[in-house]
Amino acid sequence: MQNIQPVIDSIYDIMQSRLGEGKVADYIPELAKIDPKQFGMAVTTVEGETFVAGNAQTQFSIQSISKVFMLTLALGKTGESVWKRVGREPSGSAFNSIVQLERESGIPRNPFVNAGAIVVTDMVLAGHQPREAIGELLRFIRYLADDETISIDNKVAQSEQATGYRNFALANFMRSFGNLHHPVEHTLGVYFHQCAISMNCVQLARAGLFLANRGRNPITGHSVVSDRRARRINALMLTCGHYDGSGDFAYHVGLPGKSGVGGGILVVAPGKASVAVWSPGLNEVGNSALGSEALEMLANEMGWSVFGA
Ligand code: GLN
């Protein structure tokens, strides 16, 4: 395998002159305050080595990347019956779109658009208080990353709670179709807190490593999910992980990934590595602008792709 450190160092150098490109998410007031001129990257290989560049130790709001971990929990809890309440097709619409929901009777297209993620959160909430459900997710992420310091930024959660009109609309709409089983405030309370989990690139790359290694974390030895389930989660990340930018991301990067409006992206190179990149400026579909380009450069340089040998 090519040497990773010089590759990410040169990507970092290129990004230095472009810091600040894109637009920070401003519909969540607390995220609007973040300095856009930041860029960090961490690559953890399945051999357990980690390589970093830039602001790889700076905490950021993982936002929608949390949907991957919540889906993993929901699949563990309810198995394939998850798919009775949420689909597995790319939406071709924005992450917070409501248009398909009415025609499709309150069943969201996939677990990574907001509506789908809210339903998945509702599944994990079954039999729990909201506080317990968010605690379960936080413990799971700490276990995956092998890092007890990971926590929730309550200011971000409250900021979204106070302004999340779209998510309230989506949740109420689904509740009217019977596809939300708990009070909207409970499910969204958990959802806003999961999105407000703070991590840095190193922690995120480690937390995603099980998906690059057939469901098993090679550093801790923990078996997280079966090989087949890891493949399936990766398939969903590839087809739906970047909303209406998913096709473009597959074309340019060629690896399963999940983005968040905090500017983070988690990417899985199966059998090779887990990668986290963070830069807060977003492109027009809400994915990190510099992050997406950095991942394209990395995948090209390393020859990593799920579409070729
Ligand atoms: N918390 C954000 C929201 O619900 C997550 C969206 C995202 O990261 N794409 O709007």
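In each ligand, atom 1 is the first atom listed, and ligand 1 is the first ligand listed. Heads up: numbering here begins at 1 and tracks the sequence.
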- Task: List in chain and number order the residues that pass side-chain hydrogen bond (donor to acceptor under 3.5 Å, both in side chains) with Gln158, two or more places apart in sequence or in another chain; answer none if no residue qualifies.
- Result: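 For Gln158 there are no side-chain hydrogen bond (donor to acceptor under 3.5 Å, both in side chains) partners, ignoring immediate neighbours.
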- How far apart are the closest heavy atoms of Val52 and Val202, and which atoms are they?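 Scanning both residues, the minimum pair turns out to be CG1-CG2, 3.6 Å.
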- Tyr243-Asn287 side chain donor-acceptor pair, cut-off 3.5 Å: no
- Query: For residues Ser66 and Gln194, is any side-chain donor paired with an opposing acceptor at under 3.5 Å?
  - Reply: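 There is such a pair (donor and acceptor under 3.5 Å, judged by atom type) between the side chains of Ser66 and Gln194.
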For residues 95-103, tabulate all N or O donor-acceptor pairs below 3.5 Å that involve a side-chain atom, not counting sequence neighbours.
unit_1, atom_1, unit_2, atom_2, d
Ser97, OG, Val99, N, 3.3
Gln100, NE2, Ser91, O, 2.7
Gln100, NE2, Ser93, OG, 3.3

Which protein N or O atoms sit under 3.5 Å from any N or O of ligand 1? Give atom names and distances.
unit_1, atom_1, unit_2, atom_2, d
ligand 1, 1 (N), Gln63, OE1, 2.5
ligand 1, 1 (N), Glu160, OE1, 2.9
ligand 1, 1 (N), Glu160, OE2, 2.7
ligand 1, 4 (O), Asn114, ND2, 3.0
ligand 1, 4 (O), Glu160, OE2, 3.0
ligand 1, 4 (O), Asn167, ND2, 2.8
ligand 1, 4 (O), Tyr191, OH, 2.7
ligand 1, 8 (O), Ser64, N, 3.1
ligand 1, 8 (O), Ser64, OG, 2.6
ligand 1, 8 (O), Val261, N, 2.8
ligand 1, 9 (N), Ser64, OG, 2.9
ligand 1, 9 (N), Tyr243, OH, 2.9
ligand 1, 10 (O), Tyr27, OH, 2.6
ligand 1, 10 (O), Asn114, ND2, 3.2

- Sequence neighbours left out, what pairs pass salt bridge (charged side-chain N to carboxylate O under 4.0 Å, His left out) with at least one residue falling in residues 177-194? none
